[in-house]
Amino acid sequence: MTNNIYRKSTLLGSWLGMIFGVILGAASGALSGSFAGAAVTALIGMILGAISGALTGVLTVRAGGDTGGVSVGAYTGMAFGAFLGLILGLFIPESFRLRVLSLDVLILNVIFQGRFEAAVLVSFLLSCMDTAVGAWVGGRNLKPREKGE
């Protein structure tokens with residue numbers, strides 16, 4: 001039974017992560033003003049979303065099980081997404097950052113000015129995505145309780 005809830009939560013988290021990752025990636029890439037920018041960041045969002053969503057599903061089950069609910073899932077996803085996003089954001093290649101700066105779009109120049117700003121952006125986006133994934137997985141795993149009278 002416990003193994004079954006882990007498997008279901010991992011698969012649901014992975015699918016939700018892919019869906020939300022594509023949406024957030026395409027929206028972030030649309031700032032570049034080109035279809036290629038939106039398509040590439042949508043693909044990156046899909047890959048990172050699948051991995052991060054699956055891990056969020058596992059952590060949500062570990063933190064809340066079938067009694068945690070939506071809040072436990074949301075806070076678990078929020079904390080894990082921010083942590084993972086910060087770690088991944090630190091490893092953004094310098095060539096990618098310089099390529100974004102060469103587009104000379106004001107908002108992108110501000111966001112990708114330095115390594116810290118880019119890491120905070122990735123951390124924020126993964127935190128938003130994993131909050132939604134964790135809340136969804138936590139709410140799905142919640143078992144209704146009998147009221148004592």
Side-chain angles (χ1 to χ4, degrees), residues 1-97 99-100 105 107-108 110-147:
M1 178 70 171
T2 304
N3 196 15
N4 192 24
I5 195 171
Y6 275 101
R7 184 174 54 250
K8 286 182 178 179
S9 297
T10 302
L11 288 174
L12 179 65
S14 180
W15 279 106
L16 290 172
M18 281 195 312
I19 292 167
F20 292 138
V22 166
I23 293 168
L24 285 175
S28 299
L31 292 174
S32 70
S34 70
F35 177 75
V40 167
T41 53
L43 180 65
I44 291 170
M46 182 178 74
I47 294 168
L48 285 179
I51 295 168
S52 182
L55 292 173
T56 300
V58 169
L59 286 173
T60 300
V61 172
R62 182 76 179 141
D66 59 0
T67 60
V70 175
S71 294
V72 171
Y75 288 123
T76 301
M78 189 184 307
F80 175 69
F83 175 73
L84 182 65
L86 193 60
I87 298 299
L88 292 175
L90 291 175
F91 293 106
I92 292 177
E94 192 68 20
S95 60
F96 179 78
R97 201 175 66 72
R99 174 76 176 120
V100 170
V105 176
I107 186 70
L108 293 176
V110 171
I111 292 172
F112 282 93
Q113 188 64 38
R115 190 171 289 276
F116 175 76
E117 289 88 354
V120 168
L121 173 68
V122 175
S123 177
F124 172 73
L125 290 175
L126 276 181
S127 178
C128 290
M129 183 192 69
D130 283 344
T131 300
V133 170
W136 201 315
V137 170
R140 184 174 165 269
N141 290 341
L142 184 64
K143 301 283 188 222
R145 296 181 218 156
E146 295 288 326
K147 281 189 173 181

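Everything quoted here is computed from the prediction, not taken from an experiment.
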Enquirer: Please answer whether the main-chain N or O of Ser123 pairs with a side-chain N or O of Ser127 as donor and acceptor at a distance below 3.5 Å.
Expert: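 Side chain of Ser127 to backbone of Ser123, a donor-acceptor pair under 3.5 Å: no, none is there.
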
Enquirer: Just how far is it from atom OG1 of Thr56 to atom CE of Met78, taken to the nearest 0.5 Å?
Expert: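 Here the rounded value is 11.5 Å.
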
Enquirer: Is Arg115 close to Glu94 at the side-chain level, that is, under 4.5 Å between some pair of heavy atoms?
Expert: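 The answer is yes, as the side chains (C-beta and beyond) meet within the 4.5 Å cut-off.
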
Enquirer: Do Leu88 and Leu126 touch side chain to side chain, with heavy atoms closer than 4.5 Å?
Expert: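 Of all side-chain heavy-atom pairs linking Leu126 with Leu88, at least one is under 4.5 Å.
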
Enquirer: Where do Asn141 and Thr60 land on the side chain to side chain donor-acceptor pair (under 3.5 Å) test, with the steps shown first?
Expert: CA-CA 9 Å; Asn141 290 341; Thr60 300; over 6 Å; no

Enquirer: To the nearest 0.5 Å, how far apart are CD1 in Ile92 and CD1 in Ile44?
Expert: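 Going from CD1 on Ile92 over to CD1 on Ile44, the span is 9.0 Å.
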
Enquirer: Please report the shortest heavy-atom distance between Ile111 and Glu117, naming the atom on each side.
Expert: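 In this case the closest contact between Ile111 and Glu117 is O-CB, 3.0 Å.
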
Enquirer: Just do the side-chain contact (heavy atoms from CB on, under 4.5 Å) check on Asn4 and Arg7 with the steps written out, would you?
Expert: CA-CA 5 Å; Asn4 192 24; Arg7 184 174 54 250; 3.1 Å; yes

Enquirer: To the nearest 0.5 Å, what is the distance between OG (Ser52) and CD1 (Ile47)?
Expert: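 Taking OG in Ser52 and CD1 in Ile47, the distance rounds to 13.5 Å.
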
Enquirer: For the residue pair Phe20 and Trp136, does the interplanar ring angle fall in the parallel (under 30°), tilted (30 to 60°) or perpendicular (over 60°) class?
Expert: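 Geometry flag for Trp136 against Phe20: tilted rings.
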
Enquirer: If I take atom CG from residue Asp130 and atom CG from residue Leu84, how far apart are they, to the nearest 0.5 angstrom?
Expert: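 Reported value, rounded in 0.5 Å steps: 7.0 Å.
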
Enquirer: Check Thr10 against Tyr6 and note the closest heavy-atom contact, atom names and distance.
Expert: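 Shortest heavy-atom separation between Thr10 and Tyr6 comes out as OG1-O, 2.7 Å.
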
Enquirer: Just by modelled atom types, is the Ala38 backbone N or O under 3.5 Å from a matching donor or acceptor in the Thr41 side chain?
Expert: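 Pair found, side chain donor or acceptor close to backbone of Ala38.
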
Enquirer: What heavy-atom pair brings Ala50 and Met18 nearest, and what distance separates the two atoms?
Expert: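 So the minimum-distance heavy-atom pair works out to CB-CG, 3.3 Å.
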
Enquirer: Between Val22 and Met46, what is the shortest heavy-atom contact and its length?
Expert: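 Closest pair (atom of Val22, atom of Met46, distance): CG2-CB, 3.5 Å.
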
Enquirer: Kindly compute the distance separating CG (Leu55) from OG (Ser14), expressed to the nearest 0.5 Å.
Expert: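 Between atom CG of Leu55 and atom OG of Ser14 there are 9.5 Å.
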
Enquirer: Rounded to the nearest 0.5 Å, what separates atom CD1 in Ile23 from atom CE in Met129?
Expert: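 Atom-to-atom, Ile23:CD1 and Met129:CE are 11.0 Å apart.
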
Enquirer: Does Ser32 reach the side chain of Leu108, with side-chain heavy atoms less than 4.5 Å apart?
Expert: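 Side chain of Ser32 against side chain of Leu108, heavy atoms only: contact under 4.5 Å found.
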
